[in-house]
Every structure is written in structure tokens, then in C-alpha cells.
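Here, residue 1 is the first one in the sequence, and each next residue gets the next number. Read the numbers this way: they start at 1 and go in the same order the structure lists the ligands and their atoms.
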Amino acid sequence: MKQTERFAPHIFLHGGDYNPDQWLDRPEILEEDIRLMKEAHVNEASIGIFAWAKEEPKEGKYDLEWLAQVINRLYKNGIYTILATPTGALPHWMTEKYPEVLKVDEHGIRRIHGQRHNFCPSSPVLRKKMQGINEELSRRFGRHPGVIAWHLSNEYGGDNDAKTTIGCHCPYCEENFRKFLKARYGTLDALNKAWWTGFWSNIFTDWNQIHCPGEGSEHTMHGIKLDYKRFVSAQMLDFCKAEAEAVRKYSDRPVCSNLMGAFEPLDYFKWARELDFVSIDSYPDWHHVASARPEDQLPGGSVLPCDAEPARITAFNYALTRSLKKQPFLLMESTPSMVNWKSRNPVKRPGMHELSSLQAVANGSDSVQYFQWRKSLGSSEKLHGAVVGHMYGADTRVFRDVARLGERLETLAPKVLGTVNKPKAALLFDWENMWAVNDAQAVVQPFGYQERMKDWFKPFFDMGIDCDIVDMDSDISDYRLLAAPYNYMYKPGWAEKVREFVQKGGIFVTTVWSGIVNESDRCFEERHPLADVLGIRPEETDTRPPFMKNWIRWREEGEEIPERAGRKHPLYEVRDLAGIVGAESAEVLATYTDDFYADSPALTMNRFGEGCAYYAAAEGDTAFVKALLVRALSDAGIECPLEARLPEPEASERPWAKLPHGVTVSMREKIESGASTGDNSGARSDDPAGTLLFVQNFNARPVEILLKKAYRNAENGQICQDGITLEKYQCLVLEEL
Ligand code: GAL
Ligand code: ZN
């Protein structure tokens, strides 16, 4: 079967990680679990994720009888299996006999057996062993009616000790790195030019002089570091592809791997092309942030949490995951109650389990899956949340919450399947750009591209406007608005793509610290690559110490907005970066108030072709980013799909908002039949039938929303008009009438 013909399972899944391999000496547990799964409306179990030692207890001796029994028993009871390959954790016999399967760190020290996610992706022995077990699993179960998909390994690269580099520095990996560079540059001469190796006498005259960069070796040359990050992602992907090939030997089931949102070391846009569908593991910081709002301060000194903050970050991760293939994805892992690995681990407050699960669905997930179904009795995750705890079976708050959600999902499933979000706005989040900009030595260090990007996502979340996340290789032609903050690197062809986008009517927003380097982290010469589209001439970037304050004064139609009482500088504060630019053809919308560049452009807008391009020279505070995006979204004709308004006085205080604070909306629309699910050509169809609006209240208190038109509650059929009340942590699913 061709890869393009494989799709995600066409059923809505409720289930998650299940480890019957830990309970083989107690067969009654499997039967009890099946009974409980049915009671919890669970229809899927992800099996075998860390079961290599049970599946191949001795080298080359497979024992898969127990697995066959589990898959059969589950299937007979209406529970599908997503079958894992077991490479997430290695058995002792392997590391004992072949230490080369373990990763070597940047100081040249090989890991000793322990933990998980710590193999060398180049090791020929490991690849052989992986191929052995994967093919055996494929042969035995690859066409079993109960097996609906493959779960390749587990969180590739998710080594607990890894920060931004997860690379292995063993001789195999060094050799593969050189091969990677040869394929990329062809000649050493081209490599030397790309990396500018004349600096500090770094000219390479032999490929063998190149080593994986790291703490103990080269760690200042940007070009090599950037290419090494590319290599690390590509090499792990190469291992993942080898896993996929092995399971596809006898199986036609689609493959996925559980990804981790914006996980820095792996360029998931490139990964997604090799996977049939994508999935995410999601562990938000629910109840970790205190609300700053006066009404959330309780008598006695306690404060309600502000869950809109973790919700925004989570929404970004879901939007990113959906955008990888522009298709529905699976929420492969989430906790039904608490985790055990944060510094504090609050249990989910009543309502949060339903809301947090439906948030994933709202953003394009076709499943709600957990880590974990049943808690282990020992080892490191014995106290992590699970659907079934150590005691009381189904008679727990967590179990009841899960079962209630399962019932809700059954009602929603027929409406949700076959729909996906089709935003008209997109935010550029590019891994290669992230690697380069986070490594750049100027402005602020650490730069924190991810956090800054998630700040840019906030206005979309607050306004209830879905937004895709794209990289420089994505097709952007169907969006009406593209925001590309901190677009430091311009890959070949990117400037041309953006120029065409704006020419044809697109609204483009970019910022200071963009258009600085090419794909090899080499600086551009002469002018900004989009100087004509932006109509500006960026000259310097100032990162003042925090005591040197500056502000942005925004003019509208040449009029200065009157200063607010009591504050000298009423408008937006400049954060870390202040670009000093000249306006060429661009109109100046805002200027700096202070310093030697007072009155110079802080925000410009340039009309180009049918569209226009904004350039925020100043890095403004969140209110500035909001104001800028409100304006750009209005140029693009994009608004919150829920026709709602706020009551006074909130309506006057937040004129840009249709929704109360802490409430957001996501919309799923029909995936046109005939059109591939991988394209975004989905202009909102004129026929709104099948459109679902997920209205999510992340406040720990009820809110009122005034409606400007009537909707139908997709679950109970009731008509909602004039107004709706959302209880604390409630998610309502509405349909267009
Ligand atoms: C995930 C991992 C699971 C489990 C879970 C705990 O990152 O894939 O195996 O460890 O975290 O939250
Ligand atoms: Zn290695």
C-alpha cells in the first residue's frame, strides 16, 4: 500500500496507555480491566509501549502469546488496540551484550543502562534488533482486526536529561553527521563558505576534522551547531522511518508516533511527512497560575487559579500538532487527574477533566487518550494519575469523571468525525528558525523563541480565533493573515513566497529581528530580503537594560491617541528589543517616545500589491501585540466565529473582545469530501451544516455570553439564543442552525 493511502483510524477514540505486561502473573486483572473499560466507555488501549523485555525475553526468542491474548480479549470486547513498537526502553540483555546501543554524551561518555529514551539512533545492532521485534509484531498482529494503528516507540528523544540537544556523539553518529554534511554541501569548500570558517582559523581541509559540536568541543560556531541540530532531528527521524518500514512489512495499518508539541530538538514538520497521522502527549499546568483579577481573590486570602494561561499554551501545542498535517490528530496521552513529575502536582478540579479533554477535540483531536489506564504498583510512575487507581476500582471521582466524559464523547463522535479546524490566520513557527535565533549572540540570551511565540498566540486565543502554525516550507497561499515574529532566518525561497502572498492580497505581520540570516546562519548583505514588501530600512537593534525604559506611541490617521490620566507614557511599553529603522515607502503607525531614537518608527505598514505588510520595529508588551493583531485581523476580515457580544461595562473596556476573559472558541468544519484532508483549501463553505463551535470557559467561575444569533446545543439539541451561561470549566458545543 502506498503511504498516502493510510489514514488515521476512522473512529473517535477514548482510551490510552495500558500495560497488561506488568500484570501477567495476575490474569484476573485483564478481565477486571476489560470490565472497567466498558464501564468507562473506553474503546482503545495503547499496548506494548515499554514491553520489550516481555516480548523478547532473550535475544531472538520472541514471546508474543500473552500479547495475542490481550489483543484478542480486548477486541472481543469492542476495544481496539494501538500497538506500540517497544524501542522506548531497552532490555538488559541488549545493553549488556551490546553497549553500543546506548547513547554517548557530548563529553564522550557512554550511558549506563537505565531509564528510557536513551539509545543511539545510528547503532547498527540496535537497528537490527529493532527490525527483528518490529517485523515479528507486524507479522503476528499487523492485520489483526483489533489493531488499528502503530505507535512507533515512545516520545523519541524525550530523554529526561536532555535540554536542547539530544544528540549522540558516538563514532557512528559522527560518521553519519559527516555524511549528512556531504549530502548538504557537496564540497568542503561550500561548507567552509557557508559556515564562514575563516573566523578563528576554522577552515576544514578534511571531512574527518568535523566532529559533533558540544560542550567539550566546538560550541561557538553557529553554522555547525545549526547543522548538527538538523542532523540530530534527521537521524532520529531516520531511525523512526526504519521502524515504520519494519512494521509496514506485513501490515497496512497507519503509523504515528507520540509527539510532544513544540519539542525543540525534533523538527516535527519534517517528521509529519513520514508519519501517516500525528499525535500529541499533553500535560498542561492546570491550576498552577494564580488569577490576578480582583473577583478571583477569595475572602481569607486564597486565590482562584487562572487556567486561561495554561490553556493558551496548550491551545498553541494543539494548533501546532493539527497544522503539521492540516488534519485531525490524536491526543495520545493526557492525565485523567494529576502528574507526578512537576514540582507541585494539583489534581484536576471538578470540571477540568472534561474541559481539558474537549479542548483537544476543539482544536482538531479525534481522540481523548490517557497516560495511564491502570497505575503500576511500583517504580517511578506508581503515583501518577490513572483512570484506575490502586484502590476502589470504579468507585472514585477520577473514574466517574472519565466515564462521564466517555459518554459525552460517544454523543459527540458522529458529529466531530469528518471535521477539522480551517483557520484563515497562521503564525510562523519554524524549527530551523528557532534553533538559529535561540543560538544567536546579540540581543537577549536566552532568547526564548518558544515563549515569545506563545505570547503572540495569546491574542488569537483571547479573541476566539483559530490559528494554524506553519513553517517556512508550508503552503501559505490559502491564509489571509500570516504573522511571522522573530523570523530571524529566511530559508531559500521564503522571501519570494511572502512577497507573492502579500502581492495577492495577504496581510503579513513581522517584527524586529527578522530577515537577518540565511539557512546556514550566514548574514544577509545589502538590504533586508523583504525590504520592498515592508518598505523599511532596519539599521540597528537595541536591547537596553531594563532601567532604560521606552514606550510606543500609536497614531491613528495621523492623530495621536490622547494620553491617559496620570501616566506620562500612556501607551505600550517596549520590552527587550528595539529596532531602529527608517521608513522608506511604509507608513509610520507608531513611534518611540524616548531615547535618541524618539519619534522614529516603532510600527510601520506598507501596502504592496493587493495586500499589506506590518513591521513592528519595537517589541511591544502584550497589549501592543494585541492591538497590532486586532488591526491586522480586521484588515484580513477574520473574526471570532461565535456571534456574540459582551455586556457593559466589559464591552467598553475590551472593545476588541466578543468573549469574556478566560473564554475561547474553536471551530471545526466539514472536511470537504473529495478534497484531500491534507490541504487547506477549505474556504468556509457556504453551507454551515456540520460546523461545530466549542465554547470553552477556563475560569473557575461561571460566565455569561450574549448571543447575536441562535445556535443549537450539539449534544442535547436545545436552542440557545440571546444568552448562555457557561458553568466554571464548562465547554459547550454549539452547532450553526
Ligand atoms: C509521558 C510518557 C509516558 C509517561 C507520562 C507521564 O511523557 O510518554 O510514558 O511517562 O509522560 O506523565
Ligand atoms: Zn550514536
Side-chain angles (χ1 to χ4, degrees), residues 16-19 21-22 46-52 82 84-90 95 98-111 115-127 130 151-162 165-180 211-212 214 228 231-232 234-236 238-239 256-261 263 266 279-286 317 330-342 345 347-348 356 369-376 379-387:
D17 284 24
Y18 177 42
N19 301 301
D21 46 297
Q22 293 172 16
S46 313
I47 293 173
I49 298 177
F50 299 109
W52 203 338
I82 291 187
T85 66
T87 54
L90 310 177
T95 53
Y98 310 106
E100 67 151 79
V101 299
L102 289 166
K103 192 169 107 171
V104 172
D105 75 12
E106 51 194 314
H107 302 283
I109 298 169
R110 195 176 291 282
R111 294 280 292 259
Q115 301 192 43
R116 56 177 178 174
H117 306 149
N118 52 13
F119 60 76
C120 162
S122 300
S123 158
V125 173
L126 177 67
R127 286 186 179 225
M130 171 278 285
H151 180 296
L152 299 178
S153 200
N154 189 71
E155 296 189 340
Y156 284 108
D159 177 346
N160 291 343
D161 299 337
T165 168
I166 53 162
C168 171
H169 295 244
C170 80
Y172 291 122
C173 286
E174 289 229 320
E175 208 33 58
N176 283 331
F177 181 41
R178 291 177 197 129
K179 273 194 209 145
F180 174 88
H211 300 280
C212 298
Y228 182 62
F231 164 73
V232 168
Q235 189 61 14
M236 193 60 96
D238 190 65
F239 185 85
C256 79
S257 186
N258 49 340
L259 310 180
M260 296 174 276
F263 183 60
L266 302 180
S279 74
I280 182 173
D281 294 351
S282 177
Y283 295 97
D285 286 340
W286 301 126
N317 287 326
L330 299 188
L331 172 63
M332 189 60 83
E333 287 182 26
S334 61
T335 179
S337 60
M338 55 179 275
V339 297
N340 67 334
W341 45 266
K342 299 192 182 181
N345 301 290
V347 298
K348 280 180 176 171
S356 61
Q369 292 158 271
Y370 309 116
F371 178 86
Q372 50 190 336
W373 168 258
R374 175 182 282 277
K375 265 185 214 188
S376 57
S379 207
S380 73
E381 288 177 339
K382 63 181 183 288
L383 301 176
H384 189 289
V387 182

Asker: Could you list which atoms of ligand 1 come closer than 4.0 Å to a heavy atom of D281?
Answerer: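 Reading through ligand 1 atom by atom, the close ones are 8 (O).
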
Asker: From the Zn ion (ligand 2) out to just under 2.8 Å, does an N/O/S atom of C173 turn up?
Answerer: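 It does: C173 brings an N, O or S atom closer than 2.8 Å to the Zn ion (ligand 2).
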
Asker: Return the minimal non-hydrogen interatomic distance between D159 and K103, and the atom names on each side.
Answerer: OD2-NZ, 3.1 Å

Asker: State the atoms of ligand 1, each with its element, that fall below the 4.0 Å cut-off from a heavy-atom position in W341.
Answerer: 6 (C), 12 (O)

Asker: Indicate yes or no for a side-chain donor-acceptor contact from N258 to the backbone of S279 under 3.5 Å, with no hydrogens or angles considered.
Answerer: no

Asker: To 10 degrees, how wide is the angle SG (C168) to the Zn ion (ligand 2) to SG (C170)?
Answerer: 110°

Asker: Tell me: protein heavy atom nearest atom 6 (C) of ligand 1, and distance?
Answerer: H384 NE2, 3.1 Å

Asker: Below 4.0 Å from any atom of ligand 1, is there a heavy atom belonging to M260?
Answerer: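 Per 4.0 Å heavy-atom rule, M260 does not contact ligand 1.
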
Asker: Could you tell me whether the side chain of D238 reaches within less than 4.5 Å of the side chain of P121, counting heavy atoms only?
Answerer: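 No; the side chains remain at least 4.5 Å from each other.
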
Asker: Among all protein heavy atoms, pick the one closest to atom 5 (C) of ligand 1 and tell me residue, atom and distance.
Answerer: Y283 OH, 3.4 Å

Asker: Closer than 4.0 Å to some heavy atom of R116 - which atoms of ligand 1 meet that?
Answerer: 2 (C), 3 (C), 9 (O), 10 (O)

Asker: If every non-hydrogen atom of Y156 is compared with every non-hydrogen atom of M260, which pair is closest and at what distance?
Answerer: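 Heavy atoms only, the tightest pair is O-CE, 3.6 Å.
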
Asker: Using a 3.5 Å distance criterion without hydrogens, assess whether the side chain of H211 forms a donor-acceptor pair with backbone atoms of E174.
Answerer: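 Answer holds: no.
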
Asker: Test your reading of the model: is there a side-chain donor-acceptor pair from S334 to the backbone of Q369, 3.5 Å cut-off?
Answerer: yes

Asker: Using a strict 4.0 Å cut-off to heavy atoms of E155, name the atoms of ligand 1 that fall inside it.
Answerer: 1 (C), 2 (C), 7 (O), 8 (O)

Asker: Nearest 0.5 Å, please: how far is CG in N340 from NZ in K382?
Answerer: 9.0 Å

Asker: Donor-acceptor check, side chain of R111 to backbone of F119, threshold 3.5 angstrom: yes or no?
Answerer: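 The answer is no, because no donor-acceptor pair under 3.5 Å joins these two groups.
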
Asker: Heavy atoms only: which of M332, Q372, E381 lies closest to atom 10 (O) of ligand 1?
Answerer: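 The residue whose heavy atom sits nearest atom 10 (O) of ligand 1 is E381.
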
Asker: Judged by atom type as modelled, is there a donor-acceptor pair below 3.5 Å linking the side chain of T85 to the main-chain atoms of L152?
Answerer: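 Absent.
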
Asker: Report, in ascending order of atom number, the atoms of ligand 1 lying under 4.0 Å from any heavy atom of F50.
Answerer: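 What qualifies from ligand 1 is 9 (O).
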
Asker: In terms of atom number and element, which parts of ligand 1 are under 4.0 angstrom from non-hydrogen atoms of N154?
Answerer: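 Matching atoms, with element in brackets: 2 (C), 8 (O), 9 (O).
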
Asker: Between E333, K342, H117, M338, which one has a non-hydrogen atom sitting closest to atom 1 (C) of ligand 1?
Answerer: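 Nearest option to atom 1 (C) of ligand 1, by heavy atoms: E333.
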
